[in-house]
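Given the structure is predicted, the values throughout are model-derived calculations rather than measurements. Convention: sequence-line order gives letters A, B, ...; per-chain numbering from 1.
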Amino acid sequence: MAYLTQPDYVRYICTCGQLKPITSLYFCRHCLKIRCGFCICHEVDSHYCPNCLENMPSSEARLKKNRCSSCFDCPSCYHTLSTRASLVQPRQQEGAGDGKVENKHQKKMYYLACFNCRWTSRDVGIPDQPVASGGWPERPNPFATQINQLLEYYKAIALQEKQEKIEKERKKFAIRGKYLTLTDKTGLTGAMARNIAGLPSSDSGSSSIIAKFVPSQASAEVEELPEDYFTKEVNLNQITSMPQRLLSPEWQPTDVSRLHPIAKLLSVKRSQRCRECDHNLTKPEYNPGSIKFKIELLAFYHIPEVKIISYEPMKAGENSTVLLKLSNPTAHEMTLCLMNPEDIPQVDNEEEQLENSLEKSLTLDKESAACKPAAAPAWRRAAAPCVRAVGPPVRVSVPQRDDAAEYDDDATHDANDVIVWRKANKLGVRLQVATEAAASRGGAALLALALQYSYRNTVPPAANAPNQRNHILYTTALLSLGNVA
Amino acid sequence: MAHNIKILPGATVCEDCTLEGDITIGGGTVIHPRVSIIAEGGPIIIAEYCIIEEYSTIIHKKSDKQENPPKPLFIGAHNVFEVACKLESIYGHVGESNVFECRSFVGEEVKVGSGCVIGAACTLTAPQILADNTVIWGSEHHVREALEKQPSQLLQLDFLSKVMPNYHRLRKPNVHKRQPSRQSQEPSPKP
């Protein structure tokens, strides 16, 4: 809960250099690296309506413009609309029987109502429906034909460009004749040459659409404003607000009486994938009603969690004590060592950087280069830590997580100068830190703390891979310890 | 303060609520427990078929501008006061079919028309007149105008007046419409 409601006091440095709280990080079990939302692949698994939880294949979702056909949002306050029933007596026919007979013919009619702002579909004159869901009149888009024309036009252009590309490829590899042709010399493509020559092009279907297309014309003449435009008193209750208009871009109603229920936008279930090894980091269950995951490699379950218990005010050039809580979320005992980030052995990093420069020389995409630890100094530029741990590195062993541990009360008390207390898979640690003498007063006191931890890989190794199960991993966390006093 | 509470037949008024001053409660109205209705500035008249929910407060405030004898605060029919709403008024009239949603606050110099909705947690303090069918909602106090009055809560009223006596002690109606002559002769009993 603290992670949701409080500022992020402890931020981990992702492999890509981003600073994130542990709850928004992932841990790839195959690369043994921390990943965050910026350095992983997001894939859409399925579309569903967040209101009625109906699943929809992506083709259907595209056809319906990513909107649900039976759920609506309020055009006035954007809250979900609810269906309300009302009993309506059908119009009394002349010369009809007595009231008793009439009562039997009472009909249920449905309308949409918003419980937040009390907008109803009756407000704008949408007739009540005899069925509870669906069947609401759709308002035609006034520019439907133009949009379809544009879509067709751009599809045709895309097709043509694709064909030209294929043609080019083919030409590249085609055995060239002895003589240079005109098109080779001038860089004209066959299609363009044909066009210039006024000949019908080879692919008539798409080019006819392109030829027929008439671009819209801008005109200088604009309809004049009504006479009383500047003198008429404005009734703000009758005019829609900007967000209300932009919510339905097709109509952009200026009048409250033209508001129309907005079909609810679909949500997606997405799975996330490591960019380096292509393994899934998260994969949700298919059922939209379920919030569980099939695969869920969150950092919270794999890397040691650091929390701040308390700290003394940090004074520039002086030493102070910080109390930290360390917990081991894994099912294996963990050896933890707290040290300064400079003490992380550089072997790994150099290798990475080598790989990185290799990649750069191969002119691979910039994105993956940005994800590399070469960007690590980026966080230093953004947030320079002015507090560092002093004294020998704190080395502790943290037992594995045990769900039954809370029922034991014979806690082992091996408290000493460093370990303050110990309880199941958590322990309190006292850490001596020093603030830089040059730290400016009032500036944020950031402590950069490197964690060395042992990690047991539980992934069954591939047949040809060496069966290495125990790893020593490093991660760095930035702790905000208030301001420098 | 002189307590002069008139409860018309058909009204459901729980015993566990604070009624102070000169108050008249119309038939069909349901008053939940823990409600405070304080008529310090003048009498309060609540018309028929209102629902006043738990912890709501209706105060007729004392004011220097008050006429003598004080004008009553008249609350029209079919008003709904939801949980913990507060109405402080020196104006003589609240229309009908209004909804005061949970924890809303309507200050002294607000004149409420008919068919208005004051949304949950909305506070109105500035002097203003709410036109009929005004709806106020949200933390930013958006205003819109509804086309028609809010539907009446007759089903809910029916249910409440049936269920309430099973679980709460009620105040007995002490005014009998049929014998207005007798009532005027007798001082109404003190609760």
Original post:
Please, which pairs that meet salt bridge (charged side-chain N to carboxylate O under 4.0 Å, His left out) have at least one residue in residues 68-93 of chain B, sequence neighbours excluded?
Top reply: B:Lys61-B:Glu88, B:Lys86-B:Glu88
Subject >> Non-hydrogen atoms of A:Asn235 and B:Glu145 that approach each other most closely >> reply: ND2-OE1, 4.3 Å
Subject >> Over 12 foreign heavy atoms within 6.0 Å of OH, B:Tyr49 >> reply: no
**OP:** Tell me the residues of residues 72-82 of chain A whose non-hydrogen atoms fall below 4.5 Å from those of chain B, in number order.
**Re:** A:Ser76, A:Cys77
Subject >> Enclosure of A:Arg67 CZ (heavy-atom neighbours >12, cutoff 6.0 Å) >> reply: yes
Original post:
Between B:Glu101 and A:Arg118, is the closest basic N to carboxylate O distance under 4.0 Å?
Top reply: yes
Original post:
Tell me, do B:Arg144 and A:Asp123 make a side-chain contact under 4.5 Å, heavy atoms counted?
Top reply: yes
Original post:
Would a 4.5 Å heavy-atom cut-off, applied to side chains only, mark B:His142 and A:Cys117 as touching?
Top reply: no
Original post:
For A:Pro226, which residues count as a side-chain contact (heavy atoms from CB on, under 4.5 Å) partner, sequence neighbours excluded?
Top reply: A:Asp228, A:Tyr229
Original post:
For B:Val143, is it the side chain, the backbone, both or neither that has a heavy atom under 4.5 Å from a heavy atom of chain A?
Top reply: both
Original post:
Counting heavy atoms not belonging to A:Arg84, are there more than 12 under 6.0 Å from its CZ?
Top reply: no
Original post:
Heavy-atom count around A:Phe115 CZ within 6.0 Å, excluding the residue itself: above 12?
Top reply: yes
Subject >> OH (B:Tyr55) with more than 12 external heavy atoms under 6.0 Å >> reply: no
Original post:
Counting only heavy atoms not in A:Leu87, do more than 12 fall under 6.0 Å of its CG?
Top reply: yes
Original post:
Counting only heavy atoms not in A:Glu54, do more than 12 sit closer than 6.0 Å to its CD atom?
Top reply: no
Original post:
For chain B, which residues from residues 236-254 of chain A have at least one heavy atom closer than 4.5 Å to it?
Top reply: A:Asn237, A:Gln238
Subject >> CZ/A:Arg62: more than 12 non-hydrogen atoms of other groups inside 6.0 Å >> reply: no
